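First up is the structure itself, then whatever we jot down about it.
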Amino acid sequence: MEDLLNLAGTNYRSRLIVGTGKYKDFQETKKAIEVSGAEIVTVAVRRVNITDPNKENLLDYLDPKKHTILPNTAGCYTAEDAVRTCRLAREAGVGKMIKLEVIGDDKTLFPDIPATLDAARILVKEGFVVLPYINDDPITAKKLQDIGCAAVMPLAAPIGSGLGIRNPYNIRIILEQATVPVIVDAGVGTASDAAIAMEMGCDGVLMNTAIASARDPILMAEAMRLGVESGRKAFLAGRIPKKLYATASSPLEGILG
Amino acid sequence: MVTADTVFLLIMKVQVNGEEKEIADGLSIARLLEELQIRPGRVVVELNQDVVSRAAHDSTLLKEGDALEIVHFVGGG
């Protein structure tokens, strides 16, 4: 049976979700997405530059048949602004799935949890499929799944920090109690970080900077695809327990006397 | 002196993406986008904090003091 990520009733083959920020141009963005194999890609909502409106548009480089566009609420510091951004995004006609992030502080970019909960309640009521970015906090994760979010997205480490999963024990608790997919969002630095998240049993990984700001973003996109895939397979295969002492791999019988 | 052949071009002020703009009185959103050379298919417009559906761009006429936001998708994580 094919191993699929089910998000709010839609199946995805790829468990890697990628952002579209920080690339040198749209060509590179497109190529990195292609190589990553990601089917869901995040975008931000911003004002059009009205003095130079004829610039190329990101959507000219993303095929809506191949990719699900996931608008984010990056840059929003209040529930009100996040909800407003989601309503604008929905009118763009890319569906009703949104990545909710309400930022609490511009130095850490950690989420403002009370505001995230407020926004999630409103958005779920309005029919959005809400994927919230949160701390690695099991209580918050539980509250958001109870509100009706389609997934929970705990950070591995601060956005863009590349530190990898800093609190695997909290992620484990989140996984244990989750009734919705758990997607590690933010803080991944390299392929092994993504693999570790997947080996733990996370349902997916969302990243932007780790690919876009790598020396070779296209090669890193491939590395991340493989990291997520191998981590997932290792999780499904079931790793051996860790032991302190050796266990011989070769038979002990028939050794020359 | 105002004479019979003086042409009055009625101008009003609106806010577009935080900037004050002088536009013809009673302009529709569709016409404003055209004047700004913005492709309507790639943007979403908000008028006084309410989203305006694309279907309503033609029929929505602007008034003095209106605040518009014209947004689109950009790269983000």
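In what follows, every heavy atom counts, from backbone to side chain, and hydrogens, waters and symmetry copies are set aside. Just so you know, these numbers come straight off a predicted model, no measurement behind them. Every chain is numbered from 1, with letters handed out A, B, ... down the list of sequences.
Of the two parts of B:V74, the backbone and the side chain both hold a non-hydrogen atom closer than 4.5 Å to a non-hydrogen atom of chain A. Using a 4.5 Å cut-off between heavy atoms, A:A186 makes no contact with chain B at all.
For the pair A:D60 and B:R39, the salt-bridge criterion is met [side-chain N within less than 4.0 Å of a carboxylate O]. Comment: A:R47 engages B:E69 in a salt bridge, judged by a side-chain N to carboxylate O separation of less than 4.0 angstrom. Under the 4.0 Å criterion applied to side-chain N and carboxylate O atoms, A:R84 and B:E46 are assigned as salt-bridge partners.
Chain B forms the most heavy-atom pairs under 4.5 Å with one residue out of A:I50, A:V41, A:L58, A:N72, and that residue is A:I50. In terms of heavy-atom pairs under 4.5 Å with chain B, the best-connected choice from A:E91, A:E101, A:K99 is A:E91. Ranked by heavy-atom pairs under 4.5 Å with chain B, the first of A:G93, A:G21, A:A74 is A:G21. The residue among A:V43, A:V18, A:T209 with the most heavy atom pairs within less than 4.5 Å of chain B is A:V43. Between chain B and the residues A:L59, A:I69, A:L70, A:L88, the largest count of heavy-atom pairs under 4.5 Å involves A:L88.
Taking all atoms of both residues into account, the shortest heavy-atom contact from B:G75 to A:A44 is O-CB, 4.1 Å.
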Evaluation steps, side chain to side chain contact (heavy atoms under 4.5 Å, CB included), between B:F73 and A:L62: CA-CA 11 Å; B:F73 290 139; A:L62 297 172; over 6 Å; no
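Side chain of B:N17 to backbone of A:N49: no donor-acceptor contact under 3.5 angstrom is found.
With a 4.5 Å cut-off on side-chain heavy atoms, B:V71 and A:R46 do not count as touching.
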